[in-house]
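Below: one structure, written as structure tokens.
None of these values were measured; they are calculated from a predicted model.
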Amino acid sequence: MFDAVDPILLARAQFAFTVSFHFIFPSFSIGLASYLAVLEGLWLRTGKQLYLDIFRFWLKIFAVAFAMGVVSGIVMSYQFGTNWAVFSDKTGPVLGPLMAYEVLTAFFLEAGFLGVMLFGMEKVGRKLHFAATCMVAIGTAISAFWILSANSWMQTPVGYAVNAQGQFVMAGSWATVIFNPSFPYRLVHTVIGAYLTTSLVVGATGAWHLLKDRTDPHARKIFSMAMWMAALVAPIQILAGDQQGLNTLEHQPAKVMAMEGHYDSHPHGAPLILFGIPNSREKRMDYAVEIPKAGSLILKHDPNAPLAGLDTVPEDRQPPVAILFWSFRVMVGLGLAIFGLGLWSLVARMRGKLYDWPWLHRAGVLMGPAGFVAVIAGWITTEVGRQPWTVYGLLRTTQSASPLAAPAVGASLIAFILVYFAVFGTGAWYILRLIGKGVEPGEPALEDAPIRTAGITPGPARHGGEPS
């Protein structure tokens, strides 16, 4: 069935599928871990049961999301050996240590304190438990640091040399490799995106239960905290995205040309193309809706600044325009929608109607998945925009693959699709079920939650309340 298909294309599709699934979970757990630390801190400071109830509610969901993220990450990593062995060999001396640092600093920190965070509140005391929650939150942030450093080096490689075996090796200092030119911008933009993704899920949960009962104190607090995050952080994200775009224009100009749909150079100011249909065969944008000179204003902060187009880039070095053009617009459009939701909530808050405007709550529910879609669209923009390279300008994708047989890769791709949708679909369904149930007054601790949530009557308890 796959004999006539390019095996490298299948390998790329497989990696794109697994990494997109995987990216959903860290983009949620990074923000949720910090949210849990804030909730527990507020509970310790105020003594209000309300915060403890919300903490225990989201702790259940974090446990499921974290587990699915770990599993999906392990599966994804095997593809570096099976499908991308040449890439692993050539970049291993640089990327291998960065990934090892992630395991040694972040994963061990998360794994070491996760059990205490999930099950240890009654065993280690409140302050030590809070410290464990903070360590897990810090661990998720450190993990993002190392993963994004490694990926950013692939986007903007510096501090390397090529040895006699054709491998990239560190030359100079590791600080140059780690803090490569695109890394700070991508770290800020990605982590803020994770926080906004979490805030939208949290806000949608609060909004859903406010639509059923606007007096629900747990739903009111959840919705209020989420809308503060959307209102205050979304403008920062827009600024961070602008700075990353300027950095990308400096180091990966072809990516920006494709994102903007600029097939031709504009020596006297480039338009901002809002919409259109990329026509790569004819090298033009069909049915373009554009704002004259606004592209130069955004990218150069000068409406008359010249901007080069894809006509200055050899065709075999151009990324696929259609994918980038639309993924970028999905990301930006959803970012503006998140900003609009935060602004709407501010208006409602100032008028004392934050819990009384059902259309705001409906919008909050509708925007629940928007963060996931936006971060995946941004990831597609970043990764597809790097093509045709795995290490930008140095190592082509076609040079990075293992010797592959199309039927084997195609069969494994189908297996991944079936298993992922079955396993992770079940996990997502379970999370949605927990969200739909909502926060209970006196929310049970996590060790009791799986039994009660499933509607099964607990058996006799022993050892101070542990289920038998």
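Taking 4.5 Å as the limit, every side-chain heavy atom of Phe424 sits out of range of all side-chain heavy atoms of Val419. Met259 places a side-chain heavy atom less than 4.5 Å from the side chain of Thr381. With contacts defined as side-chain heavy-atom distances shorter than 4.5 Å, the pair Pro303/Ser296 does not qualify. For the pair Pro93/Phe168, no side-chain contact is recorded, criterion being any heavy-atom separation below 4.5 Å from C-beta on. Within the 4.5 Å cutoff, no side-chain heavy atoms of Asn247 are placed close to those of Gln252. Looking only at side-chain heavy atoms (C-beta outward), Trp58 and Ile222 come within less than 4.5 Å of each other. Counting only heavy atoms from C-beta outward, the side chains of Val384 and Arg386 never approach each other to under 4.5 Å.
The ring pair (Phe, Tyr, Trp, His ring centres under 6.0 Å) test applied to Phe23 returns Trp379, not counting sequence neighbours. Not counting sequence neighbours, the partners of Ala161 by the side-chain contact (heavy atoms from CB on, under 4.5 Å) test are Val169, Ala171. With sequence neighbours excluded, no residue forms a ring pair (Phe, Tyr, Trp, His ring centres under 6.0 Å) with Phe113. Evaluation of the ring pair (Phe, Tyr, Trp, His ring centres under 6.0 Å) rule for Phe108 yields no partner, not counting sequence neighbours. Residues satisfying the side-chain hydrogen bond (donor to acceptor under 3.5 Å, both in side chains) criterion with Ser143, sequence neighbours excluded, are Glu102. Among residues two or more places apart in sequence or in another chain, the ring pair (Phe, Tyr, Trp, His ring centres under 6.0 Å) test is passed with Phe339 by none.
Salt bridge annotation for Lys283-Glu315: present, with a cationic side-chain nitrogen under 4.0 angstrom from a carboxylate oxygen.
The two residues Ala254 and Pro319 have their closest heavy-atom pair at O-CG, 3.8 Å. Residues Pro320 and Gln387 approach most closely at CD-CB, 4.3 Å, considering heavy atoms. Val177 and Trp153 make their closest contact through CG1-CD1, 3.7 Å (heavy atoms, listed as atom of the first residue, atom of the second, distance).
Residue pairs satisfying the ring-ring contact (aromatic ring centres under 6.0 Å, His included) criterion with at least one member in residues 222-258, sequence neighbours excluded, are listed as follows: Phe223-His361. Residue pairs satisfying the ring-ring contact (aromatic ring centres under 6.0 Å, His included) criterion with at least one member in residues 284-329, sequence neighbours excluded, are absent. Listed by first and then second residue, the salt bridge (charged side-chain N to carboxylate O under 4.0 Å, His left out) pairs that reach into residues 394-407 are Asp316-Arg396, sequence neighbours excluded. Residue pairs meeting the side chain to side chain donor-acceptor pair (under 3.5 Å) criterion with at least one partner in residues 11-25, sequence neighbours excluded, are Gln14-Asn83, Gln14-Ser412, Thr18-Gln79, His22-Ser72. Screening residues 146-170 for salt bridge (charged side-chain N to carboxylate O under 4.0 Å, His left out), with sequence neighbours left out, gives no hits.
Checked by atom type and distance alone, the side chain of Ser149 never pairs as donor or acceptor with a backbone atom of Phe145 at under 3.5 Å. Of the possible donor and acceptor atoms, one in the side chain of Thr140 sits under 3.5 Å from a partner among the backbone N and O of Ala137. Of the possible polar contacts, one joining the Ser27 side chain to the Ile24 backbone as a donor-acceptor pair under 3.5 Å is found. Formation of a donor-acceptor pair under 3.5 Å by the His262 side chain with backbone atoms of Leu310 is not found in this model. Under a 3.5 Å cut-off, the side chain of Gln167 and the backbone N or O of Asp89 do form a donor-acceptor pair. The main-chain N or O of Phe28 is found under 3.5 Å from a side-chain atom of Thr198 such that the two form a donor-acceptor pair. Listed for the Ser402 side chain is a donor-acceptor partner under 3.5 Å among the backbone atoms of Ala85. The main-chain N or O of His189 is found under 3.5 Å from a side-chain atom of Gln237 such that the two form a donor-acceptor pair.
Considering NZ of Lys221 and CG of Leu42, their distance stands at 8.0 Å, rounded to 0.5 Å.
Of the N and O atoms on the side chains of Thr133 and Glu40, at least one donor lies less than 3.5 Å from an acceptor on the other residue. Remark: the Asn151 side chain and the Arg186 side chain contain an N/O donor-acceptor pair separated by less than 3.5 Å. A side-chain donor-acceptor contact under 3.5 Å links Lys255 and Gln155. Defined by atom type and a distance below 3.5 Å, a donor-acceptor pair is present between the side-chain atoms of Tyr263 and Ser280. A donor-acceptor contact under 3.5 angstrom links the side chains of Arg349 and Ser224, judged on distance only. With no hydrogens or angles considered, a side-chain donor-acceptor pair links Ser265 and Asp311 at under 3.5 Å.
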Check residues 388-395 and write down every donor-acceptor pair under 3.5 Å in which the side-chain atom is one partner and the other belongs to a residue at least two apart or another chain.
{"unit_1": "Thr390", "atom_1": "OG1", "unit_2": "Leu395", "atom_2": "O", "d": "3.1"}
{"unit_1": "Thr390", "atom_1": "OG1", "unit_2": "Ser400", "atom_2": "OG", "d": "2.8"}

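In Phe17, the CZ atom is crowded: over 12 heavy atoms of neighbouring residues, nucleotides or ligands sit closer than 6.0 Å.
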